[in-house]
Peer 1: 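One structure, as C-alpha cells, below. Some questions next.
Below, read A as the first sequence line, B as the second, and so on, with proteins coming before strands; counting in each chain starts at 1.
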Amino acid sequence: MQRALDINRTRFADWYQAVVRDADMAETSPVRGAMVIKPWGYGVWEQIQQELDRRIKATGHENCYFPMFIPLSFIAKEAEHVEGFAKEMAIVTHHRLKMIDGKLQPDPDAKLEEPLVVRPTSETIIGDAFARWVRSHRDLPLLINQWANVVRWEMRPRLFLRTTEFLWQEGHTAHASEAEAVEETRKMLEVYRTFSEDTLAMPVIAGEKPENERFPGAVNTYSIEAMMQDGKALQAGTSHFLGTHFAEAQGIKFQDDAGTVTLCNTTSWGVSTRLIGGVIMTHGDDDGLRLPPAIAPKQIVIVPMLRDKPEDADVLKYCEDLVAMLRKLSIFGQPVRAHLDTKKIKSAEKRWNWVRRGAPIIIEIGPRDAAGGNVTYMRRDQLREGDKIKSIALPRQEFLEEKAVQLLAEIQHGLYAEAKARLDGNIRCGVTDWKGVEDYYAGSDDDFKGWLRVSWSKPTAAALDAVDTKLKGLKLTIRNAPLDQPASFAPCLFTGAAGVEEILIGRAY
RNA sequence: CGGAGCGUAGCUCAGCCUGGUAGAGCAUUAGCUUUGGGAGCUAAGGGCCGUUGGUUCGAAUCCAGCCGCUCCGACCA
C-alpha cells in the first residue's frame, strides 16, 4: 500500500524524523543542536501557548519577562543548582569582536568582568527580583510566569525532544508557608495533566520523581509522564517544590503579621516545545502526523480540485463560500480554523501534504461537489478503510450544521481514547521480583515494551544509587511514583523490605 | 568525549571492493495527452562526488587529516 511516508513506525526513531520533516514541523539549523521551527510547527506551539497561557492566568498567575543573561555569580548561589547545570551552560565572555590577524574574533580588551550565563532556567535571576519585590506577607503569594527560550548544551540533540535551545514556559512563585507552596506545586502539576489530556489528547501519569531525578535544588519534583508509541516514557512537564533552598540562597524573605522575618517557600514549573515531540510520537501514524483539533493551526483544510478549465472558477467560488461559512462555526470556545488552500501546486499533492501535516479534516471539492452542493471530506484520524483512503460526501448544509463541529470533537476524543487505551494497556502490575523485570524487558530493544508498576521501599542515598544502577543495566529508569497510591503494598521489588510506595519504571527519552 | 555507519543533482540513493570523461528514481521546466482524486508520453535543465592534502600518467573510487550528519554509549528536570 502506498503511504504518505516512506518509513513506518517499526523503525520508530527514523519514522519520528521523517514526520518532523515531512509534516513541515522543523528542521536542523547551521547551529548544532538548535532547530528551526517552521510555520506549521510554530503554529502548533502558538496553539499550545494560547491555551496553556489561558489556564495559567486562570489560576492567578501573571506574565513577566526576565533577561536571558544571568550573572555567573547568581548561578553559583545555590550549590545543588550549580552542580546540576554546570555541565550544560553557554557562557558569554566578551561584548565585542575585532579583526585580529585577518580573523574576526573576541576582542581581548572587551572581556566582561563577570561572565554571563545564557539561562538554562531562571530561578536565580527571578529569585533576585523576588528578593526585592517581597517585603511583607501582603506581597504573597507572588505568582509569576514567563514564556521564554532557554539554552542547555545537550550532547545528543533530537528535534523537539532535546535541543540546545528550546522554547518553554516557566512559572515561579513565592509563598508564605510550606503548605501553600506544596499546594501550588501540586496545583500546577494538575494544570499540566489536564492540559495534556484535554488539549493535546495525550494521557499522562502524574506523580512524584524519586530523589535522584529531582530538579537541582528542589525538595520535591513532580512530573507528568506520557507513553510514546514505542512504549518509551516522555517526561512531558515538571513542577518543583523548592522549599526555602532558593529563598535562603537569595534572601527572599518577608515579615509576617507578627513582624517576624521569615523565608519564603518557592516553586517552579515548566513545559516546553518537547510537548510537540510528545504529540508527534503519541498520535502520528504511517501517513504522518495526526494533530488533535485543539492544537491544529488549521482544523479544516479545503483543497479545491482544479484542472485549468472554465469550471475552476465555480469550484473556487464554492470553496470560498464554504470556508467563510466554516469560520462562522465554533469549537472549543473559538471560531473554527478553516483554510482554503489555493497554492498553485497540483491538487493531489496538496492533499498529501495536509495528510502528512495532520490536518484533522481535509475537504476536497471538485466540479461535481460544487454543482451538487456537496462536501467531500476525509478525517485524518480514520484516513483509510483497509488500504484505501476513505472519503465521505455529504450535502453542504448537513456538513455545516451537523457534521463539522461534531467531527472535530470526535477526532479530539478519539485520539485521546486511542492513546489512553495504549497507556492503560501497557502498564503491567504484579511483577514482584527482579527476574520478572528482566523477563518483561527481555528481547530486542526495538520490541515494544511498556512500563511496570512495582512496589518499593523508597530507599535513599547509596541504596537508591544501587537501585538506579541495577535499572540502568536494562536501560530503565524510575519515571515517577503516581499520585494515586493503594492502601497497602507488596514487599519492595529491589530490597525485599516492606513496600511503602508504588513506582513506574520504563525506558525513557 | 568513546564505538559504529554515512556524506555523489533540490530529495532518496546507486557507482567505490577491482582507479580510466557522472548515473537512476522522484522533484523542476517545456510540449502533447489525461481528468472524482498521489496521471501518461516526449524532451530539457541541473553535480569542482563534504573539505584539505597525499599516492598515481589519471581519484567519486585508494590513503590521511579536518568538518558535518545518523545510530549506540557517556551526558541529560
Peer 1: What are the two closest heavy atoms between A/I362 and A/A359, and how far apart are they?
Peer 2: CG1-O, 4.1 Å
Peer 1: Distance check needed: B/C26 C1' versus A/W352 CH2, whole Å only.
Peer 2: 16 Å
Peer 1: Can you tell me, in whole Å, how much space there is between the C1' of B/G31 and that of B/C71?
Peer 2: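 Comparing C1' positions in B/G31 and B/C71 gives a spacing of 47 Å.
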Peer 1: Using the side chain to side chain donor-acceptor pair (under 3.5 Å) criterion, which residues pair with A/T28? Sequence neighbours excluded.
Peer 2: none
Peer 1: Would you tabulate the pairs of protein nitrogen or oxygen atoms and nucleotide nitrogen or oxygen atoms of nucleotides 31-33 of chain B closer than 3.5 angstrom?
Peer 2:
none

Peer 1: Side chains of residues 458-474 of chain A: which donor-acceptor pairs under 3.5 Å do they make with residues two or more places apart or in other chains?
Peer 2:
unit_1: A/D468; atom_1: OD1; unit_2: A/N212; atom_2: ND2; d: 3.2
unit_1: A/T469; atom_1: OG1; unit_2: A/D465; atom_2: O; d: 2.8

Peer 1: With sequence neighbours left out, what residues match A/W147 under ring pair (Phe, Tyr, Trp, His ring centres under 6.0 Å)?
Peer 2: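 Applying ring pair (Phe, Tyr, Trp, His ring centres under 6.0 Å) to A/W147 gives A/W45.
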Peer 1: If I pick the C1' atom on B/C17 and the same atom on B/U61, what distance separates them, to the nearest angstrom?
Peer 2: 9 Å
Peer 1: Take the protein atom CH2 of A/W153 and the nucleotide atom P of B/C1, then report the distance between them rounded to whole Å.
Peer 2: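 Going from CH2 in A/W153 over to P in B/C1 covers 13 Å.
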Peer 1: Using heavy atoms to find the nearest nucleotide of RNA chain B for A/R21 and A/A4 separately, return the residue whose nucleotide is more 5′.
Peer 2: A/R21
Peer 1: If we take the C1' atom in both B/A14 and B/G7, what is their distance in whole Å?
Peer 2: 15 Å
Peer 1: Does a side-chain N-to-carboxylate-O contact under 4.0 Å join A/K209 and A/E225?
Peer 2: yes
Peer 1: Can you list every side chain to side chain donor-acceptor pair (under 3.5 Å) pair that touches residues 67-82 of chain A, not counting sequence neighbours?
Peer 2: A/S73-A/E114
Peer 1: Say we look at B/C49 and B/C62: how far apart would their P atoms be, to the nearest angstrom?
Peer 2: 15 Å
Peer 1: Given the P atoms of B/C6 and B/G40, what is the spacing between them in whole Å?
Peer 2: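 Between the two P atoms, the distance is 34 Å.
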Peer 1: Got a sec, which pairs hit salt bridge (charged side-chain N to carboxylate O under 4.0 Å, His left out) with one end in residues 355-364 of chain A, sequence neighbours left out?
Peer 2: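 Matches after skipping sequence neighbours: A/D24-A/R357, A/R351-A/E364.
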Peer 1: Considering only heavy atoms, which members of residues 208-222 of chain A lie under 4.0 Å from some atom of RNA chain B?
Peer 2: A/E213, A/F215
Peer 1: Using purine N1 to pyrimidine N3 plus N6-O4 or O6-N4 for Watson-Crick, or N1-O2 and O6-N3 for G-U wobble, both under 3.5 Å, which nucleotide pairs with B/A60?
Peer 2: none
Peer 1: Only counting residues at least two apart or in another chain, list the ones meeting ring pair (Phe, Tyr, Trp, His ring centres under 6.0 Å) with A/H245.
Peer 2: none
Peer 1: What residues form a ring pair (Phe, Tyr, Trp, His ring centres under 6.0 Å) with A/Y192, not counting sequence neighbours?
Peer 2: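 For A/Y192, no residue satisfies ring pair (Phe, Tyr, Trp, His ring centres under 6.0 Å) once neighbours in sequence are set aside.
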Peer 1: Identify, with sequence neighbours excluded, every residue that meets side chain to side chain contact (heavy atoms under 4.5 Å, CB included) alongside A/P482.
Peer 2: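 With sequence neighbours excluded, A/P482 shows a side chain to side chain contact (heavy atoms under 4.5 Å, CB included) to A/I205, A/R453, A/N480, A/D484, A/Q485, A/L504, given in chain and number order.
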Peer 1: Partners of A/A79 by side chain to side chain contact (heavy atoms under 4.5 Å, CB included), sequence neighbours excluded?
Peer 2: none
Peer 1: Summarise how protein sits on nucleotides 67-76 of chain B as a single string, 5' to 3': B when a protein heavy atom is under 4.0 Å from the base, S for sugar-phosphate-only contact, - for no contact.
Peer 2: --SSSBBBBB
Peer 1: Return the 5'-most residue of the pair A/S391, A/H240 with respect to RNA chain B, ranking by each residue's nearest nucleotide.
Peer 2: A/S391
